[in-house]
Amino acid sequence: MIIQIILFLAVFAIMPVWKKVKVNFAWSLIISALLISLVFAISPQQIWQNFADVFLKLSLFKNVIIVVLIGALGVLMKKYGFLVKVNDAILHILAGKKAVMLTLPAVIGLLSVPGGAQLSAPFVKEIGEDLGVKPQMRAVLNLTCRHIALMLVPTSNALLVIKATVPEIDIYFLILLDLGFVVLMQLSCYFFYIRKIPDVKVALDTSLLPKYIKQLLIYLSPIYMILVFNGILKIDMLICVLLSFVIIFAISGRKDVKDYITSFVQGIKFNTFVMMVGLFFIQNTIKSADSLINGFSAVFAGSQGFVLALAIFVFAVIISVTTGLSYTAMGIIMPMLMALNLSITQITIFGFFVFASSFCGYFFSPLHLCQLLTIQTMGCSPKDVYKEYAKLIPCVVFYAFALFFVYQAVLL
């Protein structure tokens with residue numbers, strides 16, 4: 001069993017190798033699922049069933065489609081100038097350039113698109129230059145603010161994966177738990193990187209504020225209306241996302257339906273589809289690996305307090321660092337925790353901790369696409385960025401553990 005677990009971890013440890021030999025990351029997930037099947041001697045029939053269930057189980061396949069559609073949503077918002085309008089509105093609503101530099105990435109982060117930090121990086125670079133912020137600090141600020149939405153918006157890939165894995169979880173309760181982590185991380189980011197930077201105030205025309213607030217609300221509506229439809233009206237998430245495409249079409253005033261449909265089709269990324277299929281294939285494979293589930297369940301059940309938290313944290317970080325994704329670890333670890341006899345409140349608190357732990361690995365991973373693109377845009381070296389991270393890493397790790405134990409003490 002120990003050898004199997006070592007081989008299991010090795011499957012994820014070699015993830016960077018696939019990139020070096022020019023194997024697309026999405027396909028490497030499917031290869032990894034097959035390797036895990038070999039490690040645990042899963043039968044060919046069960047392997048096929050694990051793969052087929054991604055398409056046959058409605059809850060899983062629906063989430064694959066949602067993630068793909070959200071990517072297309074981002075493409076259309078960019079194509080039809082929604083992002084430009086949003087940026088323009090923010091620049092005319094906020095008087096301080098520091099506030100603008102922090103807000104823009106957070107707002108653009110509402111769009112869950114791969115490498116989306118590249119959309120806000122040019123704005124942060126320009127404003128940061130005006131304020132005299134070092135390139136490596138601009139990179140950290142862009143990345144940190146960009147990922148606020150990852151833990152707080154139910155349309156983020158990470159939260160969709162958690163909901164698909166554990167449908168019983170109240171996703172909005174989980175978001176509330178995530179909020180504490182996000183606030184502490186953002187405060188640390190402000191304190192370390194921008195607090196002492198002199199601000200530059202911009203003279204605003206107050207008579208135009210209503211105009212730009214209206215502009216912001218209109219061109220952000222494809223995003224926040226999903227939250228309204230799903231969180232308040234309880235409409236199915238897939239339908240909510242489809243309604244957002246209708247909103248974009250209506251606001252853009254496009255009479256050329258053919259052009260809109262063509263743009264929509266171009267926004268559908270097959271690579272994203274394969275990536276999500278691969279992730280759920282791995283998840284199904286792990287669920288069918290009885291010895292793995294039983295082994296980790298025994299470790300989790302036999303551990304308590306800090307030892308249990310540390311085991312989960314290390315496992316989540318290893319997977320997230322090596323894959324460069326925030327949700328892979330959640331899709332793998334949550335089924336293992338579900339094997340324990342826990343209440344839904346306990347599962348939700350553990351869900352928060354797995355989320356926060358995987359975020360620690362993903363955010364600082366050298367394979368993190370947003371990080372690679374941001375560093376490239378800012379024109380700084382990864383070494384300089386990681387020197388800045390040296391201040392932030394201990395803080396976010398501490399916040400993950402501290403909030404986990406605080407939530408347990410208060411809610412259980």
Side-chain angles (χ1 to χ4, degrees), residues 69-131 138 141-157 182 186 200-231 240-254 260 263-264 266-267 370 373-374 377-378:
L69 288 177
I70 288 174
L73 192 70
V75 170
L76 287 175
M77 288 186 70
K78 183 178 180 182
K79 175 180 174 62
Y80 292 122
F82 281 51
L83 290 182
V84 173
K85 294 288 187 181
V86 167
N87 293 338
D88 180 57
I90 291 174
L91 290 169
H92 286 85
I93 291 173
L94 300 177
K97 286 197 173 185
K98 283 168 65 171
V100 173
M101 185 168 61
L102 296 175
T103 303
L104 270 173
V107 173
I108 294 176
L110 293 170
L111 288 174
S112 182
V113 292
Q118 190 179 28
L119 297 175
S120 58
F123 297 99
V124 175
K125 179 181 180 180
E126 181 180 350
I127 298 172
E129 287 175 345
D130 292 341
L131 294 174
R138 297 199 296 264
L141 288 168
N142 183 58
L143 286 162
T144 306
C145 297
R146 152 75 186 173
H147 288 87
I148 291 175
L150 177 73
M151 301 187 79
L152 299 183
V153 179
T155 53
S156 75
N157 293 345
V182 171
Q186 296 308 312
V200 174
K201 298 296 183 180
V202 179
L204 298 179
D205 186 343
T206 54
S207 65
L208 295 177
L209 278 180
K211 169 190 172 183
Y212 287 109
I213 291 174
K214 179 181 178 182
Q215 180 174 308
L216 183 65
L217 291 174
I218 289 174
Y219 289 97
L220 265 185
S221 60
I223 301 297
Y224 69 73
M225 285 308 297
I226 293 178
L227 311 185
V228 173
F229 292 143
N230 180 254
C240 294
V241 174
L242 292 174
L243 287 173
S244 281
F245 286 102
V246 177
I247 291 174
I248 291 176
F249 185 78
I251 293 175
S252 63
R254 304 292 298 185
Y260 185 83
S263 301
F264 168 77
Q266 290 174 346
C370 285
L373 294 173
T374 296
T377 301
M378 298 301 174

Inset, instruction - Would you indicate whether the side-chain heavy atoms of Leu242 and Val246 approach each other to under 4.5 Å? - result: no
Legend entry - Considering all heavy atoms, the nearest Ser244-Pro222 contact: OG-O, 2.5 Å
Inset, instruction - Output, in order, the C-alpha distance, side-chain angles, deciding distance and verdict of side-chain contact (heavy atoms from CB on, under 4.5 Å) for Leu76 and Phe249. - result: CA-CA 9 Å; Leu76 287 175; Phe249 185 78; over 6 Å; no
Inset, instruction - Decide yes or no for Met378 and Asn142: does some side-chain heavy atom of the first lie under 4.5 Å from some side-chain heavy atom of the second? - result: yes
Legend entry - Residues forming a side chain to side chain contact (heavy atoms under 4.5 Å, CB included) with Asp205, sequence neighbours excluded: Ser207, Leu208
Inset, instruction - Please check if the distance between the ring centroids of Tyr260 and Tyr80 is under 6.0 Å. - result: yes
Inset, instruction - State whether the side chain of Ser221 and the backbone N or O of Ile218 hold a donor-acceptor pair below 3.5 Å, judged by distance alone. - result: yes
Legend entry - 4.5 Å side-chain heavy-atom contact, Thr374 and Val124: no
Legend entry - Separation between OG1 of Thr103 and CD1 of Ile90, rounded to the nearest 0.5 Å: 6.5 Å
Legend entry - Spacing of CD1 belonging to Ile226 relative to CD1 belonging to Ile247, to within rounding of 0.5 Å: 8.0 Å
Legend entry - Heavy-atom pair of closest approach, residues Arg146 and Cys370: NE-SG, 4.2 Å
Inset, instruction - Taking the side chain as every heavy atom from C-beta outward, state whether Ile223 and Met77 have any pair of such atoms under 4.5 Å apart. - result: yes
Legend entry - Interatomic distance, Gln186 atom CD to Ile148 atom CD1 [nearest 0.5 angstrom]: 3.5 Å
Legend entry - Atom of Leu204, atom of Leu94 and distance for their closest heavy-atom approach: CD1-C, 3.7 Å
Legend entry - Parallel, tilted or perpendicular, as decided by the 30° and 60° cut-offs, for the rings of His92 and Tyr212: parallel
Legend entry - Leu69 and Phe264, any side-chain heavy atoms less than 4.5 Å apart: yes
Legend entry - Distance, nearest 0.5 Å, that separates NZ of Lys214 from CG of Leu217: 10.0 Å
Legend entry - Glu126, CD atom: more than 12 neighbouring heavy atoms under 6.0 Å: no
Inset, instruction - Apply salt bridge (charged side-chain N to carboxylate O under 4.0 Å, His left out) to Lys211 and list each qualifying residue two or more places apart in sequence or on a separate chain. - result: none
Legend entry - Atom of Lys79, atom of Ser263 and distance for their closest heavy-atom approach: CE-OG, 2.7 Å
Inset, instruction - Return yes if some donor-acceptor pair links the side-chain N/O of Lys97 with the main-chain N/O of Leu131 below 3.5 Å, else return no. - result: no
Inset, instruction - Check the pair Asp130 / Val200 against side-chain contact (heavy atoms from CB on, under 4.5 Å), numbers first and verdict last. - result: CA-CA 8 Å; Asp130 292 341; Val200 174; 5.8 Å; no
Inset, instruction - Side-chain contact test, heavy atoms from C-beta onward, threshold under 4.5 Å: evaluate it for Tyr219 versus Val84 and give yes or no. - result: no
